[in-house]
Number of protein chains: 2
Amino acid sequence: MSSQVLPLDAETKAAESPEHHREELRLWLRLLTCSTMIEGEIRRRLRERFDVTLPRFDLMAQLDKAPDGMTLSDLSRRMMVSNGNLTGLVERLAVSGHLDRRVSATDRRAQIISLTEAGRAEFRAMAAAHETWIAELFGDLSAKEQKDLMRLLARTKFSARNAMTGETV
Amino acid sequence: MSSQVLPLDAETKAAESPEHHREELRLWLRLLTCSTMIEGEIRRRLRERFDVTLPRFDLMAQLDKAPDGMTLSDLSRRMMVSNGNLTGLVERLAVSGHLDRRVSATDRRAQIISLTEAGRAEFRAMAAAHETWIAELFGDLSAKEQKDLMRLLARTKFSARNAMTGETV
DNA sequence: CTGATTTATTTTAAGCTTAAAACATTTTCG
DNA sequence: CGAAAATGTTTTAAGCTTAAAATAAATCAG
């Protein structure tokens, strides 16, 4: 999988030489650092200026994009969090009046979750600030750098998805 | 902060036109998706194959790099998690015999945390598998793509750090 | 030296998160 | 149809995480 093409006999291969992948590791740690730093700062600002947690913001962001509402399973898939996690999150936001739950007309197991008017208004205000913050945090990157990074992250997502579904290369 | 240089009068500026930054937002969401996907997969595999949580693995990884041990504050800064969080994490790993705590000789407030021999051995085994997994997850990226991504993430880290410390541009 | 500030850590309360098991309903198919 | 599998959700137990307040020790300033 890359590296040298010198002929290694089966013996050598079977010996399972360590095969270091330090560069990939460094790449992953840097990606994680960026993500953690930015997420932490956004979390801090959301709490400070709007007294809201990041998970609640994220949940409302998903619902804002779905005017007709979504089921818990849809939310779970989109947000990449466990089902059980959402049960509690939705419960708390329903109690605080930010969202509505109604049983699906076609499937009595499922609930359709949607933002209330108040919830939507509150989210829109937060979203505007959030967008500004993100632009500020990425502010030093040129348009070209942003475009390149976007492409490389798309490739990364594809690569990871690939490695997760099936083939061990 | 980029965009056009057409002369906007103060009036127009004061009107605070929405100024959309959707591209930065998309970039951030993609970064977050990559990070979340990979982290989730690593978490899953660590649990499945080694019955260990990701936070514990991360803590041991820091300690493995510091043979003489580190204080909780050092760990807190390096891992970018709260101090209180570490208290519990360290407590659980000390109980399970993975690490040692001793009071600092020069500062009676501080503890020096270090891996036990057993802890180190266990970590090394996990780290080897971890490195392979990461290489696999990033496997579709060419060497050049990896290098480019590395550079752009360094720029991103710098940009975010910049925006966090002081100047609101 | 002593009071004020800083630094290191723990505690507390609340909420987030997961995996696994349990439960409820729908869909599939023999 | 009716059993089996699949899907949608909740519950449970454990652990993670944070912010804020509390405690303790070291350092600084006068």
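The sequence lines fix the lettering, A, B, ..., with proteins before strands; numbering per chain opens at 1. Computed from a predicted model, the values in this text were never measured in an experiment.
Look at CG on B/L54: it is 15 Å from C1' on C/dA19, rounded to the nearest Å. For the pair B/I42 CD1 and C/dA19 P, the computed distance is 14 Å after rounding to whole Å. Between A/R44 atom CZ and D/dA19 atom P the separation is 9 Å, expressed in whole Å.
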Using a 4.0 Å heavy-atom cut-off, write out nucleotides 8-18 of chain C from 5' to 3' as B (base contacted by protein), S (sugar-phosphate only) or - (no contact). SBBB---SSSB
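By the side chain to side chain contact (heavy atoms under 4.5 Å, CB included) test, A/R45 pairs with A/E41, A/W133, A/E136, sequence neighbours left out. Listed by chain and residue number, nothing satisfies the side chain to side chain contact (heavy atoms under 4.5 Å, CB included) test with B/R108 (two or more places apart in sequence, or in another chain). With sequence neighbours left out, the ring-ring contact (aromatic ring centres under 6.0 Å, His included) criterion links B/F138 to no other residue. For the side chain to side chain contact (heavy atoms under 4.5 Å, CB included) test, residues two or more places apart in sequence or in another chain that qualify with A/D148 are A/K144, B/L152. Listed by chain and residue number, nothing satisfies the side-chain hydrogen bond (donor to acceptor under 3.5 Å, both in side chains) test with B/E117 (two or more places apart in sequence, or in another chain).
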